[in-house]
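Here the structure comes first, spelled out in structure tokens, and everything after it is commentary.
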Amino acid sequence: MKKRILNLFFLALVALTVGVSIWGPEALSNHQDRYLLGKTHVQQVDTFGEGFRYEMRPVEKLFVLSRALTSQQAAQRGPELENRGGTAFGTEWGGAYALVVNHRGPSGEEVSDTEIYGICNQALKELKTAGILPESVLEVEQELYEAVLYSAIDVRDPRNSVAVWQVSLSDSRRDVRKDNRLMEAYVDAEEGKIYQYYVRTEWEWEDMEPDQVIQSWCRYVGLPGAKEYGEENPLSEATPYFKKYEVLGNLEEKTVVTIGFYEGIREMFVRIEE
């Protein structure tokens, strides 16, 4: 009798175990679903180290962008330089820096393609207030301009990168008068500052006072200041109306800034280069 009871108990235990293994997970899942669905739950997550962004100072951004722009120009002139026995892009011609189209689009901390026109107009207003541009310069209208997002990258240390919008008057609009218009500008995609620009104004070279323009522009961008460039070559520009300056960054990293003017079309420019 006792043995029969033990056998029955053993069979019941086996049946219970089989039943739990078959229906247990489904029942547990249904219970969790009833607990989770339709309710808000808060969970503390340790995100230390995630989303780190290397913050660059304006003088560092200016240097990286100037090198990348110089590299781009050297790449475009590569065949010409090789034909003349020069050095091709990728060696001495700044191959350590690159300016590439950002196909991924702006991140959450960068100006979007719909915001850039308003940001650019705000920057133009600041340049006018600083006395760098005349009040007659017109606002940027989205239907007349094109905007392309670029990344200027230090290839050796990709943390050193600058996202910039190139805003330029569209070539497809032949009917638009170019008087008092911004022709092209490189705008910081995070700070909204204009680093380089070409704009047609009513000013003449005598109205510009480049020494005042460079100092006002440095304050606007947030640079420590600039001094006259001591190696100015009168044949380096396609216009006789220009003056060059240099901005020093870390470890004697130097960015050359040119204030210039094309007389025939009344186009003034602030250009950065290596």
Side-chain angles (χ1 to χ4, degrees), residues 56-66 68-69 72 99-153 161-203 208 213-214 216-223 247 255 257-262 265-273:
M56 298 176 65
R57 297 183 297 129
V59 68
E60 295 171 324
K61 289 184 176 182
L62 189 75
F63 178 78
V64 172
L65 179 58
S66 69
L69 288 170
Q72 182 191 49
L99 186 70
V100 296
V101 176
N102 187 337
H103 294 289
R104 294 180 301 175
S107 67
E109 299 187 18
E110 296 166 354
V111 176
S112 70
D113 55 350
T114 57
E115 297 171 326
I116 182 56
Y117 302 100
I119 295 295
C120 190
N121 284 328
Q122 178 60 37
L124 290 176
K125 186 181 298 184
E126 293 178 19
L127 292 177
K128 293 175 185 179
T129 301
I132 299 173
L133 292 178
E135 291 291 336
S136 57
V137 174
L138 301 172
E139 288 192 343
V140 169
E141 303 173 54
Q142 184 171 352
E143 61 270 18
L144 301 181
Y145 284 80
E146 297 176 348
V148 180
L149 183 62
Y150 285 91
S151 292
I153 303 172
S161 64
V162 186
V164 292
W165 282 100
Q166 182 197 51
V167 179
S168 55
L169 188 64
S170 176
D171 292 333
S172 62
R173 297 300 298 266
R174 304 291 183 182
D175 56 328
V176 177
R177 290 182 59 87
K178 298 180 180 179
D179 301 342
N180 293 311
R181 286 196 182 278
L182 177 73
M183 302 303 295
E184 181 188 76
Y186 281 92
V187 187
D188 189 312
E190 292 184 354
E191 305 296 331
K193 298 294 184 179
I194 293 180
Y195 291 122
Q196 175 172 294
Y197 63 85
Y198 294 80
V199 59
R200 298 192 181 180
T201 77
E202 59 187 16
W203 281 354
M208 292 180 56
V213 170
I214 187 64
S216 297
W217 178 79
C218 284
R219 287 193 295 270
Y220 158 76
V221 176
L223 301 174
V247 177
T255 301
V257 182
T258 304
I259 310 293
F261 178 76
Y262 296 121
I265 55 178
R266 287 187 175 181
E267 184 172 295
M268 65 173 296
F269 61 87
V270 173
R271 188 183 66 240
I272 60 176
E273 56 196 316

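The structure presented is a predicted model; accordingly, all values stated were derived computationally and were not measured.
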From S216 atom OG to L133 atom CG, the distance as rounded to the nearest 0.5 Å: 11.0 Å
Using atom types as modelled and distance alone, determine if a side-chain donor or acceptor of N121 lies under 3.5 Å from a backbone N or O of V140. yes
Testing the basics here: between I119 and G192, what is the closest heavy-atom pair and its distance to 0.1 Å? CG2-CA, 3.6 Å
Do V137 and K128 have side chains that approach each other closer than 4.5 Å (heavy atoms only, starting at C-beta)? yes
For Y186 and Q166, which I'm curious about, is there any donor-acceptor pair between the side chains at under 3.5 Å? yes
Do L65 and I272 touch side chain to side chain, with heavy atoms closer than 4.5 Å? yes
Roughly how far, to the nearest 0.5 Å, is CG of N180 from CG of L138? 5.5 Å
Of all heavy-atom pairs between L169 and K178, which one has the smallest distance, and what is that distance? CD2-CG, 3.9 Å
To the nearest 0.5 Å, what is the distance between CD (E184) and OH (Y145)? 11.5 Å
Could you go step by step and tell me if Q196 and V270 meet the side-chain contact (heavy atoms from CB on, under 4.5 Å) rule? CA-CA 5 Å; Q196 175 172 294; V270 173; 5.9 Å; no
Contact between L149 and D113 at the side-chain level, heavy atoms closer than 4.5 Å - yes or no? no
I'd like to know if K193 pairs up with E126 as an ion pair, taking the criterion as any Lys NZ or Arg NE/NH1/NH2 lying under 4.0 Å from an Asp or Glu carboxylate oxygen. yes
Is a side-chain donor or acceptor of S170 paired with a backbone partner of S172 at a separation under 3.5 angstrom? yes
For I194 and Y220 the tightest heavy-atom approach is N-OH, 2.9 Å
State whether the side chain of T201 and the backbone N or O of W203 hold a donor-acceptor pair below 3.5 Å, judged by distance alone. yes
Would you indicate whether the side-chain heavy atoms of Y197 and L182 approach each other to under 4.5 Å? yes
Quick check: closest heavy atoms across S136 and E202, and the distance to 0.1 Å? OG-CD, 3.3 Å
With a 4.5 Å heavy-atom cut-off, do R181 and R200 have their side chains touching? no
Taking it one step at a time, do V257 and I214 satisfy side-chain contact (heavy atoms from CB on, under 4.5 Å)? CA-CA 8 Å; V257 182; I214 187 64; 3.7 Å; yes
Sub-4.5 Å side-chain heavy-atom contact between E139 and L124: no
Within the side chain of E191, is there an N or O that forms a donor-acceptor pair under 3.5 Å with the backbone of D188? no
Test side-chain contact (heavy atoms from CB on, under 4.5 Å) applied to V111 and W165, step by step: CA-CA 9 Å; V111 176; W165 282 100; 4.1 Å; yes
Looking at side-chain heavy atoms only, is the closest gap between M208 and F261 below 4.5 Å? yes
Between A152 and A68, which heavy-atom pair has the shortest distance, and what is it? CB-CB, 3.7 Å
So, F269 versus Y262, ring centres under 6.0 angstrom or not? yes
Main chain of S66, side chain of Y195: is a donor-acceptor contact present, judged purely on distance under 3.5 Å? no
Which atoms form the tightest heavy-atom contact between R271 and Y198, and what is the distance? CD-OH, 3.2 Å
If you measure from CG on L62 to CZ on R57, what distance do you get to the nearest 0.5 Å? 11.5 Å
Looking at V199, is its backbone amide N or carbonyl O close enough to the side chain of E267 to form a donor-acceptor pair, meaning the two atoms are under 3.5 Å apart? no
Could you check whether any side-chain heavy atom of K61 comes within less than 4.5 Å of a side-chain heavy atom of E190, counting everything from C-beta outward? yes
